[in-house]
Structure formats: structure tokens, C-alpha cells
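Take a look at the structure below.
The first residue in the sequence is number 1, and the count goes up from there. All of these numbers come straight from a predicted model, not from anything done at the bench. Side-chain atoms are counted along with the backbone in the values below, which use heavy atoms only and exclude waters and symmetry mates. Numbering of ligands and ligand atoms starts at 1, following listing order.
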Amino acid sequence: MQISLLQTPVEYLKGVGPIRAELLKKELNVHTFEDLLYQFPFKHIDRSEIIRIKDIKSDAAYIQVKGIIRDMREIGAKRTTRLTAILSDNSGSVELVWFQGIRWAREKIKPNTVYLVFGKPTIFNNRFNIAHPEIEPIEETKIVAGEPLQPFYNSTEKLKSKGLHSKGIARILRNLIERVKGYIPETLSDALLEEQKLMRREEALLSIHFPADTYKLALARYRLKFEELFFNQLPMLSERKQRKLKTQGHRFTQIGEVFNTFYHNYLPFELTNAQKRVLREIRTDTGSGIQMNRLLQGDVGSGKTVVALMTMLMAIDNGYQACMMAPTEILATQHYDTLSRLLKDMDIQVELLTGSTKTTKRNEISEALQNGELKILIGTHALIEDAVQFNNLGMVIIDEQHRFGVAQRARLWEKNIIPPHVLVMTATPIPRTLAMTLYGDLDYSVIDELPPGRKPVKTIHLNDSQRLRLFGFMKQQIKEGRQIYIVYPLIQESETLDLKHLMDGYDSIVREFPLPEYAVSIVHGQMKSANKDFEMQRFVKGETQIMVATTVIEVGVDVANASVMVIENAERFGLSQLHQLRGRVGRGADQSYCILMTGYKLTSDARTRISTMVNTNDGFEIASVDLNLRGPGELQGTRQSGIIEFKIADLAKDGSILQLARAAAEKIIEMDPELQREENDMIKEYLKYLSSQKMNWGKIS
Ligand code: ADP
Ligand code: MG
């Protein structure tokens with residue numbers, strides 16, 4: 001395969017050589033011809049359009065004008081010297097200015113000659129001028145006649161110092177393309193190209209740099225995005241398919257008495273349509289004889305717990321045990337309490353296993369698990385330990401996915417000879433596009449509807465000078481019997497300083513809200529777990545009205561009577577964290593509030609985050625703003641999954657291409673799971689190549 005030509009070290013390209021090659025490696029991670037070919041321009045500028053000087057109307061965009069140079073002069077003394085020239089066409093004139101490279105400009109630019117001038121106008125002294133324009137005598141411009149869209153490349157100071165500014169990079173790319181033209185292998189099958197109306201790879205890779213027109217450029221970008229996303233999805237879908245082919249699953253043949261009794265007699269509310277739909281999806285999976293691996297996304301408060309419970313009841317009806325794993329002891333305990341309450345009138349044993357479960361209790365649980373009496377076990381990481389042996393585990397629920405890694409998930413599989421079904425639940429909304437790329441090997445369900453009758457949380461932004469208003473409001477809420485969270489961020493990167501920040505806050509709250517009228521709890525990461533629980537419990541029981549905390553309470557805690565969430569230094573939090581925190585209130589019948597306290601001056605990103613919070617309660621909308629602000633690599637819940645970096649695809653914008661690419665990949669995997677058909681040879685080959693690249697990468701970095 002001609003991949004080898006593309007693997008030629010970039011040093012051997014005309015116009016590069018050892019010094020530039022070294023820099024290209026260091027600065028842009030460009031090692032080979034192929035790497036260079038994949039340095040896509042970040043924009044193109046249309047050089048085919050020439051406007052009349054009179055029509056320069058804005059300083060917003062680059063423009064191109066044609067005219068005669070006149071009246072060149074140097075102005076100002078030594079340090080402030082600048083060179084100006086007047087460019088005129090028959091509609092008017094505009095001043096050109098150089099602050100640097102004056103000697104070069106003086107030598108190169110000849111008065112009374114026609115030039116093509118390209119640059120960005122600025123307004124100075126109420127008139128437009130163009131500083132440091134690109135300027136070429138009109139005859140020479142014919143060279144780029146076939147190249148009306150000029151590519152712009154990222155460069156660095158070091159590269160620029162060796163002549164590899166944007167234009168220099170374009171120059172070596174032109175050499176490269178001359179060299180590799182005719183040798184760029186296709187990676188997609190003819191059938192796929194035809195079906196998806198895709199430009200061929202070679203044409204796309206040439207056109208992305210030097211397109212004939214904007215239409216060609218768009219086709220090229222589309223093709224390359226499609227290819228990138230297609231090859232992102234294909235391995236995951238293939239893995240999923242292999243697993244389904246090879247991994248048998250427990251077949252739940254029936255919805256039985258336990259499920260029905262709960263549903264008809266004890267379910268305290270009507271399920272939302274979204275909850276019903278998800279249960280049907282789970283029912284289909286578990287009835288198929290194939291192991292279920294499903295991701296369930298639902299915003300905070302959307303009612304995932306009861307779906308989890310009913311899923312576990314399906315397992316019990318079919319003679320299996322079920323377990324549910326939560327990331328913290330507080331959460332596990334809370335799930336245990338909730339489920340025990342919901343099941344209290346049914347004859348189903350539920351137990352809790354955490355790090356602090358006493359040995360006697362542990363032994364009891366262990367025995368009941370092994371003889372199969374114990375049907376539902378809730379717990380923390382403690383569940384993964386080898387000592388925990390089930391009689392016949394059929395269903396595993398994992399709550400709050402982003403705290404658990406894939407490896408931990410896998411260990412739960414091993415708890416039965418045939419792996420149990422797995423339902424992963426997350427309350428960190430991830431835009432669907434991101435979910436598909438991160439958890440592409442999982443099937444996907446979403447609860448996109450909140451239970452009826454919820455009053456949306458009101459979100460208010462206050463700055464530090466409005467603190468008295470805040471205190472007044474808090475007092476009034478407490479008088480009405482409500483409870484309040486005050487959350488501090490971790491900011492200083494030093495635990496001691498963070499703690500001091502929190503303690504200062506706590507002191508000022510205690511001063512403002514003194515005993516015996518008020519009681520204040522405090523919880524932070526450096527407290528012993530027993531003390532943390534004790535303080536938490538005081539708040540849960542309503543013995544304290546205010547809970548001062550760091551983000552340890554971020555996940556899952558449920559105190560229905562808490563109706564106010566105050567977030568200090570809210571500008572320091574990411575959007576998804578703010579949304580999680582806000583989700584702690586609004587769980588009861590009362591109107592709830594989220595108050596974002598910030599300093600006076602905010603960066604533009606911080607302002608966007610705060611205003612997004614004030615304007616919407618929709619977790620998915622918030623997640624997409626977050627994706628736009630930060631890019632996929634930084635989103636919460638994505639970190640341990642490995643950062644996905646795309647060369648051209650943009651998950652925030654290319655959701656629909658992703659969907660098409662995924663569907664196409666799915667179809668191929670369905671028809672040809674091992675990619676054995678001749679028509680899929682190229683795809684298979686390229687896939688192999690990509691995974692070998694990835695391995696090399698691992699070694700390098
Ligand atoms: P989350 O998805 O954040 O885990 P929970 O399962 O804790 O949400 O549910 C939040 C609250 O909504 C709980 O108090 C639960 O009892 C209640 N709830 C769940 N489903 C419904 C429903 N269909 N109708 C009314 N209330 C519901
Ligand atoms: Mg929950």
C-alpha cells in the first residue's frame with residue numbers, strides 16, 4: 001500500500017530540510033508527509049474578489065483592493081518611524097502603513113505601479129487604513145489565479161523565525177501535494193462513497209488546502225469529518241458487536257409477580273413517559289439473551305432511582321440477584337434508605353455494604369448473598385472486592401458513572417459465570433454526540449422529561465456587594481422552615497488554603513447566624529468520614545439549617561427540605577458542576593433558589609456560564625454550552641475515558657455528521673462483523689493502520 005510514501009519523514013520534502021523538520025516535530029508534532037497533510041488550515045480567505053476602495057465599509061473582515069501606489073513617505077522619528085503609502089483606484093484611495101519591515105517595503109514597493117493589496121482595514125483618524133498588508137504587483141498575482149481561496153495555517157514564533165509562517169507552510173504544502181498526488185490511498189469503500197455522496201479522499205485532502213471554490217472546500221471538509229468520525233465509531237461498534245456475538249447474557253423471560261406487585265401497589269407515583277420508555281428498552285435488552293450494557297442519562301431529579309429499582313425487580317422475577325454501586329458512602333446510604341422505604345411492604349431483602357460495614361454484618365451479608373436469600377445489595381466500591389460473592393448475580397446498576405472507570409465496571413462482570421447485565425446511570429448530562437463518542441460501545445437511553453409538578457429552581461446572580469441582601473433572604477427562608485446549602489469552591493490548589501477559605505466563610509456565617517436561633521453544619525473533604533456523616537445527618541434530620549460545604553455534596557444528596565443553594569465564587573465553577581450543585585435543591589414542593597455569588601469583574605467565559613445558569617434549567621442545553629466553551633476534552637465525565645482529539649470534526653457542531661457516520665459504521669458492522677468482505681478491505685486496512693498509529697503514539701508520549 002502507498003501509505004509508505006505518506007510515511008516519509010517530512011525532512012525529505014522540498015523546502016523543509018533537517019532544521020525545519022526538527023521544528024515541525026517540536027512545534028506541531030509533524031513527523032511525516034501524512035502529518036503535514038493533516039495540518040488543516042483554520043480558515044481560507046477569498047482572494048478572487050477585488051472590491052473598490054470606496055466600498056471599504058468595515059474593519060471586520062479582510063479585503064482585497066487593486067490600485068496604484070503613490071506618495072510613499074517615512075514619518076516620525078527613530079522609534080516611532082512608520083512608512084505610509086497611498087493606494088488609489090478610480091473610486092478613491094486608502095492609506096497603507098508599515099511600522100516594521102520598512103526597509104524591505106521601501107525596496108520592494110515601487111511607486112506608480114499597480115498592486116494587488118490584501119489586508120484588514122482599521123480605522124485611524126476617522127479614516128480607513130491597512131497596516132502591514134500583503135502586497136503584490138498585479139502581474140505576479142496570476143500565479144495564484146487557480147487558487148482563489150488562500151489557506152491560513154497555525155504557526156508559532158519559532159516556526160515563523162524559520163520562514164514557516166502561514167504563507168511558508170502553504171508553500172511547503174504545495175510542494176507536498178505535488179509529490180503525493182496520485183498516491184493518496186482511499187480509505188472508504190466505493191459503496192460508502194456513493195451512498196454518502198462523499199468526495200474521494202485524495203481530492204478532499206488536496207481541496208482542504210487549496211480548494212477551487214468554496215463549494216469544493218465544503219465537500220472536502222465534510223468528507224474528512226465523516227471519515228474521522230466513521231473511524232472513531234467503527235471500532236467501538238465492532239467491539240459492541242463482537243461482545244454481543246460472543247457474550248451470552250442472562251435471558252429474563254418474564255415480567256413477574258415482584259415487578260407487578262410493586263408497580264400496581266407500591267409505586268408512589270405515575271411513571272413519566274420517559275421512565276416507561278427506558279424500562280421498555282431495558283426489558284427488550286434483558287429478554288434478548290445477550291448481555292446488556294446500557295448507559296442511562298437523565299438530568300438531576302429526572303427519577304433514575306426508581307428505574308434502577310424496577311430494573312432490579314425484573315432480575316429478581318427471573319431468579320437473579322441485583323446490586324447497585326454508588327461512588328460515595330453518603331450516596332449508597334441514601335439509595336439504601338430510599339429503596340428500603342419503597343420496598344418496605346414487600347418481602348424483599350435489601351442490604352447495604354460499604355467500607356464501614358462491621359465485620360459481623362459483613363459476614364451475615366456474605367452468607368445471605370451466597371445462599372441467594374439476599375436479593376438486592378447496595379454499596380460503594382466495597383462491592384467490587386473479591387470477597388463479595390453472589391449466588392447468581394444478574395443485574396448490576398452503577399450510579400454516577402463518571403466516578404467509576406471502565407476497569408471497575410469490568411470487575412463487576414466477573415461476579416458471575418455469565419456476566420450480569422449492566423446499567424450505567426449518569427446525571428452528568430453529556431450532549432448526545434459526546435456520549436456516542438465516549439460511550440459508543442454502550443447502548444444509550446435517556447430520561448428527557450422531569451416528573452410533573454416540579455417548580456423549576458429560580459437562579460439569581462448576586463455580586464459580593466449584595467451580601468446583605470443574601471443574608472436577609474436566607475433568614476427569611478429559614479423562618480419559613482427551609483434549609484440552605486452554601487458551597488465553596490476548591491480554588492487555591494493548596495488544600496490548606498482552600499480549607500482556610502472555607503473556614504473563613506464558615507466563621508462569617510456563624511457570626512451572622514448565631515446559636516441558639518440558628519445551627520450551622522460544615523462538611524469538607526479533609527474531615528474523617530464518620531464526622532462527615534454525622535454532620536450530614538444533622539442536616540438531613542433538620543437539626544441544622546445551614547450546611548457549609550465544599551463540593552463533596554455535589555453528587556446525589558437528597559434533602560427535600562433544602563430549598564436554597566448558595567454558591568460562593570460561582571465564577572470558579574464549571575457549568576456542569578454548577579448544574580449538579582443546583583440539582584441538590586428543587587426536590588420538594590417548595591419554590592427553590594440557586595444563588596450564584598461572584599466577584600464584580602468576570603471573564604467573558606465566566607459571564608457566559610453564569611448567564612446560562614440564570615437562563616436555563618435544562619441540563620442538556622447547559623452541557624452543549626459547556627461543550628462549546630471548553631471543548632470535549634475538558635468536560636466532566638470524560639476525563640478518565642481518555643481525551644478525544646479530533647483533527648477536523650467538532651463535536652459541538654458536527655452532531656449530524658456523527659450520526660450519519662455512526663449509522664454507516666453500524667450498517668457495515670451489521671452486514672460484515674469481521675470486515676471480511678472484499679468491498680470492506682480498504683476500511684479494514686485503514687483501521688489496522690490507525691490502531692497501529694495509536695500504539696506508536698502510546699510509546700512516544
Ligand atoms: P435522579 O435522577 O437525580 O437520581 P431521583 O431518582 O432521586 O432523581 O428522583 C428525584 C425525585 O423525584 C425523587 O424524590 C423521586 O421520588 C421523585 N420521582 C421520580 N420519578 C417520579 C415520577 N414519575 N413522578 C413523581 N415523582 C417522581
Ligand atoms: Mg440519583
Query raised in the report: Can you name the salt bridge (charged side-chain N to carboxylate O under 4.0 Å, His left out) partners of Glu270, sequence neighbours left out?
Result: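 By the salt bridge (charged side-chain N to carboxylate O under 4.0 Å, His left out) rule, Glu270 matches Lys276.
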Requested in this report: Answer yes or no: is there an ion pair linking Glu666 with Lys241, defined by an N-O contact shorter than 4.0 Å?
Outcome: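 Lys241 and Glu666: not salt-bridged.
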Query - Carboxylate-amine/guanidinium proximity below 4.0 Å for Lys455 and Asp590 - result: no
Query raised in the report: What is the minimum heavy-atom distance between Leu331 and Ala326, and which atoms define it?
Result: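 Looking at all heavy atoms of both residues, the shortest contact is CB-CB, 4.0 Å.
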Query raised in the report: Is there any salt bridge (charged side-chain N to carboxylate O under 4.0 Å, His left out) pair reaching into residues 337-348, and which pairs are they, with sequence neighbours excluded?
Result: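 Sorted result for residues 337-348: empty, none.
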Check residues 256-268 and write down every donor-acceptor pair under 3.5 Å in which the side-chain atom is one partner and the other belongs to a residue at least two apart or another chain.
from   : atom 1 : to     : atom 2 : distance (Å)
Asn260 : ND2    : Gly256 : O      : 3.2
Thr261 : OG1    : Glu257 : O      : 2.5

Query raised in the report: List by chain and number: which residues place a heavy atom under 4.0 Å from ligand 1?
Result: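 If the criterion is a heavy atom under 4.0 Å, then ligand 1 touches Phe269, Glu270, Leu271, Thr272, Gln275, Asp299, Val300, Gly301, Ser302, Gly303, Lys304, Thr305, Pro451, Arg454, Arg587.
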